J.: 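Sharing a structure, written as structure tokens. Questions coming.
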Amino acid sequence: MSFTPPKEVYNGKVYTVTISKGAKAVTFGGENVLPFHSFEGEFVNKPVIAYEIQDIAPSEWPEQLRQVYAAVGDDTVKWAKYVQDELKAEAIALRLQGTHPDSGNRSADDAAKTVKAVLDNIDVPLIILGSNNVEKDAEVLVKVSEVAKDNPCIIGKAQEDNYKTIAAAAMANKHKLIAMSELDINLSKQLNIMLTQMGFDKEKIIIDPMCSALGYGIEYTYTVMERIRLAALMQNDTTMQQPIVGDVGMYVWKIKEVQASEDILPHWGALTPRGIAWEAQTACALTMAGAGLLIMRHPEAVKAVNAFLDEMM
Amino acid sequence: MLIIGEKLSIIAKRVREAMAKRDKGPIQEIAKKQYEHGARMIDANIGPAEGQEDLMEWMVTTIQEVVQAPVCLDTTNYDALEMGLKVHNNEWGRALINSTSNDPERWPIMDLAAKYGCDIIALTVGKGGLPADAEERSAIAAELMARAGEVGIPMENIYLDPLVLQVATTQDQALKVIQTIRMFQDLNDPPMKTVVGLSNISNGCPKQMRPILNAHYLSLLSYEGLSAAIADAEEIVTTVKTIDIFLGKTLYAHSYLEM
């Protein structure tokens, strides 16, 4: 008797999300199976990696990462063009870190000018992120939504305390929206329900269940992502069928493992490859859990993850 | 849990009058409301319908004109059933015949289920009186399954109905029916489907008590694995959604009742 491998039966499907800028577009989501289970159904869209850039010089980033962008880091438009033209970014994630009250407190109008300038100079899709300050993001993201209205983007992140304002702006200007909750699957579902109840198209939401770096609670992120996918696929829960984003770089490039030099901790190995490996490992793990969009910082880490994804697809 | 919306019964005056006048308005209004509250099948109870064989045909088309769901054809009238099955739109699922039993007079209906490939409720009662306990119900179920198998009905098309009785007059039967739900499932692999006429439990009880009795009884039956209930969707929808949360069939969110 021959052996037939058992196959899981799924009832649901993840929405497909496409963002485009002119002729260039990226598509993620769309699977009707668990990540990479193409032997059980459709897993056709390779997860997309967006390069993170900022509206201010990345002075908070570790030295070995800053060096990569040394020539462009103090000019957002140059930085955008660099990741697009030299690093061949499929998509760019512009984080408006400078709008945070503790990081310069740039005005919403200034942020809008930066967004406009970047959009005028790139031809890959753009993700626009606030500074994760609930009050300021509500102000900034409304303004940038308006200036970006001719170029549908992904904007974020909408959270429980500011989603109404941000979602209304995204809806009015035809953007997609990242909905973030803090490592709690039930609150993630609740936020999606509240967004759709205010009229936001459920197929234009991207779920951010909150990321964490390897060694810093990644298992929490992993399990929330995995359970979101199981609810979407096994229970056909339409409030959980949105693609998931992993905001990886931000969480990796602040931990001690990517900052402590080999002089101090020789048994940890060389610092530069260690940081790259840390970001790549974190990102790969999250694609296994269900992330379809990754936001990353180091080109070598992006390369490593892309090689992994090519092998898995 | 499949809710089979029960409000379209000839026993109700408004429905009876609409049936008599072939007035689609009230029928469609009730069917739509049941669907909106989560019923995914609509029960059409036309009684014996002697001399009214075309009534089921009219009911099926009237319901399916406005509701995208299969119909549960509730009558003992063979010809009416067949006329209804002929026009039933299977796009949203198979029709369900309500019902056959171990009474020889109800056996011919099984041929219709085989002929039209639809589902059928098998009520586990015989000609001689009501079943005493879970064991007796299961014995009748086994006989009905064998008979259904002979005429070519797949086991997956059968819903076994243990016959819920009034708690007000036969209290001990309430628990026996709960036990039967588990026992029925063990009669086959994959497990047999089960259905109850839920509101029977509160028949004869004060009106304001009935929703309470129905809801709690449904919780216990659900825990034992009940597949479907013929009930007023509007009345039991919050109970069903809450049960689905506790049984892990739906992911909890504060707004789960609104979904």
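Just so it is clear, the model here is predicted, and its values are computed rather than measured. Lettering follows sequence order; numbering is per chain, from 1.
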J.: Need one label for A:L187: side chain, backbone, both or neither, based on atoms under 4.5 Å from any heavy atom in chain B.
T.: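 When you check distances to chain B, only side chain atoms of A:L187 fall under 4.5 Å.
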J.: So what's closer than 4.5 Å to chain B heavy atoms on A:M234: side chain, backbone, both or neither?
T.: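 Contact with chain B involves no heavy atom of A:M234 at all.
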J.: For B:K176, does the NZ atom sit with more than 12 other heavy atoms under 6.0 Å from it, leaving out its own atoms?
T.: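 Yes - once you tally the heavy atoms of other residues, nucleotides and ligands closer than 6.0 Å, there are more than 12.
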J.: Look at atom NZ of B:K7 and say whether more than 12 heavy atoms of other residues, nucleotides or ligands are closer to it than 6.0 Å.
T.: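 Atom NZ in B:K7 is not crowded, with 12 or fewer foreign heavy atoms closer than 6.0 Å.
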J.: If the condition is side-chain hydrogen bond (donor to acceptor under 3.5 Å, both in side chains), which residues does B:N188 pass it with, not counting sequence neighbours?
T.: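 side-chain hydrogen bond (donor to acceptor under 3.5 Å, both in side chains) list for B:N188, sorted by chain: empty.
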J.: Please list every donor-acceptor pair closer than 3.5 Å that links chain B with chain A, giving the two atom names and the distance for each.
T.:
unit_1, atom_1, unit_2, atom_2, d
B:G248, O, A:Q235, NE2, 2.8
B:K249, O, A:Q235, NE2, 3.4
B:L251, O, A:K189, NZ, 2.7
B:Y252, O, A:N186, ND2, 2.7
B:H254, N, A:Q190, OE1, 2.9
B:S255, N, A:Q190, OE1, 2.7
B:S255, OG, A:Q190, OE1, 3.3
B:S255, OG, A:Q190, NE2, 2.7
B:E258, OE1, A:Q197, NE2, 2.7

